[in-house]
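Okay, so here's the structure we're looking at.
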Amino acid sequence: MDSSPGSALRIMLLGESDVGKSHYGAQLLLRLNQKNYALRMRGAATNLDAFDEVTRALAEGKSAGHTSWTTYLESLWPVVDENGNEIDLEWPDYGGEQVRRLIDDRKVPLVWRDRLLSCDGWLLMVRIQRSGVEDDIFSRPLADILSRRAAEGVKEIRSSIQARLVELLQMLIYVRGEGTSKPLNSPALTILLSCWDELGSEGEERTPAQVLHSRLPLLSSFVKTNWVDDRVEVLGLSALEKSLQPDQADADYIDKGPENFGYVVLSDGRRDADLSLPIARLAATLAKR
Ligand SMILES: Nc1nc2c(ncn2[C@@H]2O[C@H](COP(=O)(O)OP(=O)(O)OP(=O)(O)O)[C@@H](O)[C@H]2O)c(=O)[nH]1
Ligand SMILES: [Mg+2]
């Protein structure tokens with residue numbers, strides 16, 4: 001295999017804990033090692049430790065555990081696209097707790113600042129089924145919320161997930177020094193609605209942008225207002241295609257192999273087994289600039 005240096009592509013994968021970052025990483029690796037997808041490996045990947053445990057669990061038809069919150073690992077995946085463009089993909093895996101802290105503390109530690117400044121595109125993973133729009137000041141009048149919380153004896157008003165994600169994006173845009181006075185060209189952004197299989201019939205009837213608009217309207221309009229149309233994309237992702245258990249093997253997974261599960265939902269709602277498409281498309285968008 002050829003492993004001459006390609007053009008470096010740093011993707012900042014952003015997602016709180018439990019959105020599916022590690023399982024996507026492991027399934028993506030399996031896809032990249034096959035020949036029939038938009039991206040494929042052209043040399044030896046380095047630093048795959050982060051994915052070993054998940055890959056092992058999936059081969060046994062089980063799901064793996066959380067990534068320790070202090071972990072931050074970056075692996076280098078030399079890939080080539082269908083047009084022969086060689087790309088060195090830097091792919092991170094980390095405990096999503098770190099992103100939660102960025103939002104809660106409203107502070108971006110230096111290491112994260114450096115990562116954000118040097119990356120080319122953002123891939124924001126949102127697990128829509130776990131992102132219910134709770135009551136917050138964006139969805140209901142404050143007086144309503146206060147009276148309900150008082151009745152329920154709840155003291156703290158937490159912002160909803162969509163408010164937190166908007167806050168995260170605002171913070172990151174600020175760190176990159178990109179003002180929002182005009183729509184953003186850079187960084188290109190892909191919102192990946194993960195665990196799409198959990199949506200059931202809604203996932204069959206709606207496109208990813210429609211799901212984002214109906215479930216997380218604040219995030220949807222923030223992105224529409226602040227990004228140039230062709231620099232942002234909303235896709236669905238089901239890295240596993242179904243729920244797996246940590247302690248009970250799924251017979252189908254063992255029979256067919258984990259590489260035969262998982263799909264991406266494209267903007268028009270079509271499903272595609274090629275889990276490398278979100279990255280291939282982001283790389284193509286970045287190449288256009
Ligand atoms: N149904 C379904 N479950 C999934 C899918 N992808 C991941 N999961 C499950 O979601 C849970 C979280 O996935 P992880 O990949 O560990 O999430 P993470 O973002 O790496 O979480 P942290 O390591 O805590 O940051 C696991 O129990 C997975 O089995 C999917 O496509 N469909
Ligand atoms: Mg993880």
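Predicted model only: the values in this text are computed from it and were never measured. Indexing begins at 1, ligand by ligand and atom by atom, following the structure's order.
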Salt-bridge contact Glu167-Arg164 (side-chain N to carboxylate O under 4.0 Å) |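 No, Glu167 and Arg164 are not salt-bridged.
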Do the charged groups of Asp104 and Arg100 touch, with an N to O distance under 4.0 Å?
->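 Yes.
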Could you tell me whether the side chains of Arg215 and Gln129 share a donor-acceptor contact shorter than 3.5 Å?
->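 Short answer, yes.
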Do Arg10 and Ser118 have a side chain donor and acceptor closer than 3.5 Å?
->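 Looking only at side-chain atoms, Ser118 and Arg10 do form a donor-acceptor pair, the distance falling under 3.5 Å.
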Sub-3.5 Å N/O-N/O distance, Gly20 and ligand 1 = yes
Hey, does Asp93 come in under 3.5 Å of ligand 1, counting only N/O atoms on both sides?
-> no
Report, rounded to 10°, the angle at the Mg ion (ligand 2) between the two atoms OG (Ser22) and OG1 (Thr67).
-> 90°
Can you tell if the side chain of Ile87 reaches within under 4.5 Å of the side chain of Ile279, non-hydrogen atoms only?
-> no
In terms of atom number and element, which parts of ligand 1 are under 4.0 angstrom from non-hydrogen atoms of [X]?
X      : value
Asp197 : 1 (N), 2 (C), 30 (C), 31 (O), 32 (N)
Gly95  : 25 (O)
Tyr94  : 25 (O)
Ser238 : 31 (O)
Gly96  : 22 (P), 25 (O)
Lys242 : 1 (N), 2 (C), 32 (N)

Please assess Thr190 against Arg281 for the test side-chain hydrogen bond (donor to acceptor under 3.5 Å, both in side chains), listing each intermediate value before the final yes or no.
-> CA-CA 9 Å; Thr190 298; Arg281 295 174 65 91; over 6 Å; no
Considering only the protein, which heavy-atom contact is closest to atom 15 (O) of ligand 1, and what is its distance?
->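 Sorting protein heavy atoms by distance from atom 15 (O) of ligand 1 puts His23 ND1, 2.7 Å first.
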Starting from atom 11 (C) of ligand 1, find the nearest protein heavy-atom neighbour and note its residue, name and distance.
-> Asp18 OD1, 3.4 Å
For Asp229, look at atom CG and say whether over 12 heavy atoms of other residues, nucleotides or ligands are found less than 6.0 Å away.
->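 No, CG of Asp229 has 12 or fewer neighbouring heavy atoms, counting only those of other groups under 6.0 Å.
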Heavy atom under 4.0 Å from ligand 1: found in Tyr24's side chain, backbone, both, or neither?
-> neither
Could you tell me whether Arg115 sits above the aromatic face of Tyr72, with NZ or CZ closer than 6.0 angstrom to the six-membered ring centre and within 45 degrees of the axis?
-> yes
Give a yes or no on whether Tyr94 keeps an N, O or S atom under 2.8 Å from the Mg ion (ligand 2).
->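 Looking at Tyr94, which is the residue asked about, there is no N, O or S atom under 2.8 Å from the Mg ion (ligand 2).
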